[in-house]
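Positions are given from 1, in the same order as the sequence printed here. In what follows, every heavy atom counts, from backbone to side chain, and hydrogens, waters and symmetry copies are set aside. A quick note: this is a predicted structure, and the numbers were derived from the prediction, not measured.
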Amino acid sequence: QVQLVESGGGLVQAGGSLRLSCVVSGRFLTMYYMGWFRQAPGKEREFVAAIRWSGSSTQYRDSVKGRFTISRDTAKNSVYLQMNSLNPDDTAVYYCAVRRAVFPSDAANGYDYWGQGTMVTVSS
């Protein structure tokens with residue numbers, strides 16, 4: 001059983017910052033990429049960022065480039081999402097996910113394990 005637990009969500013004013021964390025636990029698995037996705041009410045889940053587990057190469061959706069930073073700590077089996085200059089369009093449930101393929105993907109169906117999500121609300 002693999003578990004992903006996100007934390008760090010909350011309510012923040014526009015222009016503020018939040019740092020999301022995700023810890024992976026459970027049986028041993030080979031992780032190639034960890035990603036963050038988000039889903040706003042009434043919308044589809046969308047890719048936010050991903051990081052290669054070894055080597056630390058990263059990918060971002062265009063709307064968060066320069067504002068969000070994904071990082072990981074392999075010793076803690078954790079991935080983080082530092083979110084700065086937040087705006088109301090960033091309001092969503094944020095999910096972390098594990099991908100077990102060797103090449104990157106920004107598609108939700110390309111990820112194998114998911115957390116339960118953490119809510120981020122940005123007020124104007």
Side-chain angles (χ1 to χ4, degrees):
Q1 185 76 9
V2 177
Q3 293 182 327
L4 288 76
V5 179
E6 302 98 334
S7 61
L11 174 63
V12 64
Q13 289 188 332
S17 299
L18 283 174
R19 185 180 188 239
L20 305 183
S21 300
C22 174
V23 180
V24 183
S25 63
R27 65 177 178 87
F28 174 80
L29 77 164
T30 301
M31 301 185 293
Y32 287 99
Y33 288 89
M34 289 196 73
W36 286 97
F37 288 75
R38 65 187 182 187
Q39 188 166 16
K43 295 187 177 181
E44 293 187 352
R45 191 168 298 190
E46 63 182 20
F47 173 79
V48 176
I51 187 167
R52 184 172 175 85
W53 194 244
S54 61
S56 72
S57 65
T58 58
Q59 297 84 36
Y60 297 92
R61 71 178 296 106
D62 286 346
S63 64
V64 307
K65 286 180 180 178
R67 300 189 299 123
F68 290 11
T69 302
I70 188 171
S71 61
R72 89 277 186 265
D73 185 333
T74 56
K76 296 182 179 179
N77 275 356
S78 295
V79 65
Y80 309 98
L81 188 67
Q82 177 66 44
M83 305 186 296
N84 299 328
S85 301
L86 286 161
N87 61 65
D89 289 339
D90 296 316
T91 294
V93 178
Y94 283 71
Y95 300 89
C96 68
V98 170
R99 174 171 169 82
R100 300 188 64 191
V102 299
F103 46 90
S105 173
D106 60 2
N109 61 11
Y111 286 74
D112 303 286
Y113 300 98
W114 292 82
Q116 82 291 346
T118 185
M119 184 70 206
V120 172
T121 303
V122 184
S123 62
S124 57

With rounding to the nearest 0.5 Å, note down the distance linking [atom1] in [X] to [atom2] in [Y].
{"X": "Leu18", "Y": "Met83", "atom1": "CG", "atom2": "CE", "value": "4.5 Å"}
{"X": "Ser63", "Y": "Asp89", "atom1": "OG", "atom2": "CG", "value": "8.5 Å"}
{"X": "Gln3", "Y": "Asn77", "atom1": "CD", "atom2": "CG", "value": "12.5 Å"}
{"X": "Asp106", "Y": "Gln59", "atom1": "CG", "atom2": "CD", "value": "8.5 Å"}
{"X": "Tyr32", "Y": "Asp112", "atom1": "OH", "atom2": "CG", "value": "11.5 Å"}
{"X": "Met34", "Y": "Ser71", "atom1": "CE", "atom2": "OG", "value": "11.0 Å"}

**Item:** Intermediate values then yes/no, side chain to side chain contact (heavy atoms under 4.5 Å, CB included), Asn87 and Arg67
**Value:** CA-CA 10 Å; Asn87 61 65; Arg67 300 189 299 123; 3.5 Å; yes
Can you name the closest pair of heavy atoms from [X] and [Y] and give their distance?
{"X": "Ala107", "Y": "Ser105", "value": "N-OG, 3.0 Å"}
{"X": "Trp36", "Y": "Leu81", "value": "NE1-CB, 3.6 Å"}
{"X": "Ser78", "Y": "Val23", "value": "OG-CG2, 3.5 Å"}
{"X": "Val79", "Y": "Cys96", "value": "CG1-CB, 4.4 Å"}

Enumerate, atom names and distances included, each donor-acceptor pair closer than 3.5 Å involving a side-chain atom of residues 41-49, sequence neighbours excluded.
from	atom 1	to	atom 2	distance (Å)
Arg45	NE	Gln39	OE1	3.4
Arg45	NH2	Gln39	OE1	3.4
Glu46	OE2	Arg38	NE	2.7
Glu46	OE2	Arg38	NH2	3.1

**Prompt:** Linking I/L/V/M/F/W/Y whenever their side-chain heavy atoms sit closer than 4.5 Å, directly or via other members, would Tyr33 and Ile51 fall into one cluster?
**Reply:** no
**Request:** May I ask you to test the Val2-Val98 pair for a side-chain heavy-atom distance under 4.5 Å?
**Result:** no
**Asked** Taking side chain as C-beta onward, heavy atoms only, is Phe68 less than 4.5 Å from Leu86?
**Response** yes
For [X], which residues count as a side-chain hydrogen bond (donor to acceptor under 3.5 Å, both in side chains) partner, sequence neighbours excluded?
{"X": "Gln82", "value": "Asn84"}
{"X": "Ser25", "value": "none"}
{"X": "Lys65", "value": "Asp62"}

Less than 3.5 Å apart, which donor and acceptor atoms pair up between the side chains of residues 116-124 and the rest of the protein, not counting sequence neighbours?
from	atom 1	to	atom 2	distance (Å)
Gln116	NE2	Glu6	OE1	3.3
Thr118	OG1	Gly9	N	3.2

**Prompt:** Quick one: ring-ring contact (aromatic ring centres under 6.0 Å, His included) pairs with a partner in residues 76-124, sequence neighbours left out?
**Reply:** Phe37-Tyr111, Phe37-Trp114
